J.: 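Questions regarding the structure given below will be posed in turn.
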2 protein chains.
Amino acid sequence: MSRIEPDRRLGARASLADIAAEAGVSVSTVSRIANGALDRASPATVEKVQRLIAERGFRPNPVGRSLRGGESQLVAMLAPNLDNPAMAAIAASTEAALRDAGTVMILCDTHDRPDLQDEYLRAMRSRFVEGFVVVSAVASPELEAAVGRGDPIVFVNRRSPYGGLAFVGIDNRKAGADAADHLLARGVRRPAAIHPAELSSTIRDRVEGFVERFEAQAPGVRVRVVAGAGANHLDAGYAAAGALGPSEEWPDGVLCPSDLMAYGLYRAALERGVRVPGDCEPVGIDDNALNAWIAPWLSSVRVPYPAFGPRIVECLRSLRQGEPAGEILLPHALVRR
Amino acid sequence: MSRIEPDRRLGARASLADIAAEAGVSVSTVSRIANGALDRASPATVEKVQRLIAERGFRPNPVGRSLRGGESQLVAMLAPNLDNPAMAAIAASTEAALRDAGTVMILCDTHDRPDLQDEYLRAMRSRFVEGFVVVSAVASPELEAAVGRGDPIVFVNRRSPYGGLAFVGIDNRKAGADAADHLLARGVRRPAAIHPAELSSTIRDRVEGFVERFEAQAPGVRVRVVAGAGANHLDAGYAAAGALGPSEEWPDGVLCPSDLMAYGLYRAALERGVRVPGDCEPVGIDDNALNAWIAPWLSSVRVPYPAFGPRIVECLRSLRQGEPAGEILLPHALVRR
DNA sequence: ACAGTTTAGGCAAACGTTTGCCAAACTCAA
DNA sequence: TTGAGTTTGGCAAACGTTTGCCTAAACTGT
């Protein structure tokens, strides 16, 4: 399968050996100088080698380096479905923060499937990745094993199913409570909360926080809690809204524990002639960047996804140094529309 | 910096040598069997080694393999800003298609900056990536060099600035023309097209296709073409809409060459009391998945992003085998709302 | 029985690093 | 002059693969 060119290999470029040969020194000397150990060679040698490095554009080959030292400058992000704008926002901010740290990100879309998550965990491990960022983790054997081994893992949005470990997210109960306050202030008296049929801890916290706060502040009021089935939050929101009954039975305010669920509810409302807002005031959580542009009907608790990346990277660094990194809860804020 | 455990290295697991030692054969034999060369050993040996491989969960270390053979099972995707849902859709479908091919994807967010694009191109090259997927490429020296070397690169959405190479996208002129037909059918008589101040070839084609078709079908009608400045298409759409003048001068139909621009226009319309649709009928291109849920006012040319991934991977494979992969134009379809 | 062929499997080099260890050569003081 | 200490830099192993080449031993056919 050889090609025309002698070395069409993509990675082909100056190696330590090339520089060494040209400089008339040994590979070790070049390696040391390239790594900044300037006191291991005479000033003349250092100068010569540095010049050659610059001229040839030499950069140490990360693959050789990985093999030797087990350091790869590689971090794996496992995320369920990138189509969710919230995931994309997390991925984007993490990528940027990693780049600043000289690391690159491998993106793995697990589609929320434990088997795929496991496959990726194994594959990434054998690539010497330096850490994992697992967004909305699902329970899986390999994840349990990795946690057990103490691999550097940062959980995002959803906590580890296997005991308290590094976590970056928001205070979900409080977010739910803030949403309750918002609906209370808007005069809602017949509140509801919707959620996907399969409850994650994140969603549960949001809903519980909402219900508790609402019922505490409005004695005598009961919050309806309605589940909807669906492969994603859009469908789940639509289904849950469908289960709210005919339009006259609809609540006048609804917690949607993610913006996508609110979108699902919106469509159901449109189909039933329920005015949103007006008849029914939804409040979301996430505050997708598009809301400001095309969902002026949706107040939402803004989750500071752009701030996640730097904190995630920070966490990862602590972890790799053996310090246990605890939970980082970032501040959220309700955006009224 | 040593830890408590003897080998806390993340990648630590059975190697060829371990298996070989245990089986009492040489490393080469294990390697051959692991790679399916079953005729290079006696059935008994094969059986024994395969059993051990299964037991120990041995998988060849991709790093060693890369170093040796220059094959890394790694592909780099360079994309500007993941926040754009279209990019996220492309990334998601490409990731899935690559996984099916046993390859993992490194995601690089170039923020549309030539310098960052170059930095990533270099970094990825030295990691032996097997190919590049460049979404909406910008011109940059390193890209030119890579194209010159004949590196496997698939351009997505926007063609190579350096001559005709592998490309996956849609027929942008035709998409524009289809949008024109749609507005004509809806009775639009005072059409406009908006676009970002800095024109990419993609956007230019869409706008030109629209203008040509509209003016050809509606003799005597001139399409207003208005630019808007902004860091992203949302802002650019908003700015361009702002430049349309007071509401009574607004066109009754507008081509927005991306959905994000349509969202920008929508906001501007809302602020001015222009009813959308009603007073002004926008047509987008992309058909973001969220449109169906929260933008019932937006007809849009659907770009089949989920189909991009498999074609991109196919392209990459051809390229790596030395066959020149041409342009792949995927079918689009207007979605009326 | 013997030459010829196939089969089974080991050796060693190569990919590009990093780093512990060793050895010259030099410096300096007594 | 000698001995100790420092500077400078090379050697070689190790990381985990793959693969060309080699060599026995085991077959095959006459």
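From a predicted model like this one, the values you see are computed outputs, not experimental measurements. Quick note on labels: first sequence line is chain A, next is B, and so on, each numbered from 1. We use all heavy atoms of the structure for the numbers below, so side chains are in, but hydrogens, waters and symmetry mates are not.
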J.: What is the distance from atom CD1 of A/Ile19 to atom CG of A/Leu52, rounded to the nearest 0.5 Å?
T.: 5.5 Å

J.: Would the base of C/dT17 count as contacting A/Arg68 through its side chain, where contact means a donor and an acceptor less than 3.5 Å apart?
T.: no

J.: Suppose we screen for side chain to side chain donor-acceptor pair (under 3.5 Å). Which residues come up paired with A/Glu22, at least two apart in sequence or across chains?
T.: A/Arg56

J.: Rounded to whole Å, how long is the line connecting atom CD of B/Glu71 with atom P of C/dC15?
T.: 16 Å

J.: Once rounded to the nearest 0.5 Å, what's the spacing between atom CD1 of B/Ile328 and atom CD1 of B/Ile312?
T.: 9.0 Å

J.: Does A/Asn61 put a side-chain nitrogen or oxygen below 4.0 Å from OP1 or OP2 of C/dC15?
T.: no

J.: What is the distance from atom CE of B/Met87 to atom CG of B/Asn157, rounded to the nearest 0.5 Å?
T.: 5.5 Å

J.: In whole angstroms, how far is the P atom of C/dT18 from the CZ atom of A/Arg59?
T.: 13 Å

J.: Take the protein atom CG of A/Asp18 and the nucleotide atom P of C/dT17, then report the distance between them rounded to whole Å.
T.: 9 Å

J.: Between B/Leu16 (CG) and C/dA12 (C1'), how many Å, whole number?
T.: 15 Å

J.: To the closest 0.5 Å, what do you measure between CG (B/Leu78) and OG (B/Ser136)?
T.: 11.5 Å

J.: Please classify the nucleic acid contact of B/Ser31 as base, sugar-phosphate, or nothing, using heavy-atom distances under 4.0 Å.
T.: base

J.: Using the side-chain heavy atoms of A/Arg65, tell me which of these nucleotides is nearest: C/dT17, D/dC15, C/dA13.
T.: C/dT17

J.: Where is the tightest heavy-atom contact between A/Asp118 and A/Pro141, given as atom of each residue plus distance?
T.: OD2-CD, 3.1 Å

J.: The side chain of A/Phe58 is closest to which nucleotide in this list: C/dT17, D/dT18, C/dC15?
T.: C/dT17

J.: Which residue, A/Arg65, A/Arg320, A/Arg127, forms the salt bridge (charged side-chain N to carboxylate O under 4.0 Å, His left out) with A/Glu71?
T.: A/Arg320

J.: Taking all non-hydrogen atoms of both residues, which atom of B/Ser140 and which atom of B/Gln117 are closest, and how far apart?
T.: OG-NE2, 3.1 Å

J.: Please tabulate, one pair per line, each protein N/O and nucleotide N/O from nucleotides 24-26 of chain D that are separated by under 3.5 Å, including the distance.
T.:
none

J.: Round to the nearest Å and state the distance from A/Asn35 atom CG to C/dG16 atom P.
T.: 16 Å

J.: If you measure only the distance, is there a donor-acceptor pair under 3.5 Å linking the side chains of A/Arg40 and A/Asn35?
T.: no

J.: Can you check the B/Ile33 CD1 to D/dT18 C1' distance for me, whole Å?
T.: 14 Å

J.: Please write out each protein N/O paired with an N/O of nucleotides 8-11 of chain D under 3.5 Å, distance rounded to 0.1 Å.
T.:
unit_1 : atom_1 : unit_2  : atom_2 : d
D/dG9  : OP1    : A/Thr45 : OG1    : 2.8
D/dG9  : OP2    : A/Ser42 : N      : 2.6
D/dG9  : OP2    : A/Thr45 : OG1    : 3.2
D/dG9  : N7     : A/Arg40 : NH2    : 2.9
D/dG9  : O6     : A/Arg40 : NH2    : 2.8
D/dG10 : OP2    : A/Ser26 : N      : 2.6
D/dG10 : OP2    : A/Ser26 : OG     : 2.7
D/dG10 : OP2    : A/Thr29 : OG1    : 2.7
D/dG10 : N7     : A/Arg32 : NH2    : 3.0
D/dG10 : O6     : A/Arg32 : NH1    : 3.2
D/dG10 : O6     : A/Arg32 : NH2    : 2.9
D/dC11 : N4     : A/Ser28 : OG     : 2.9

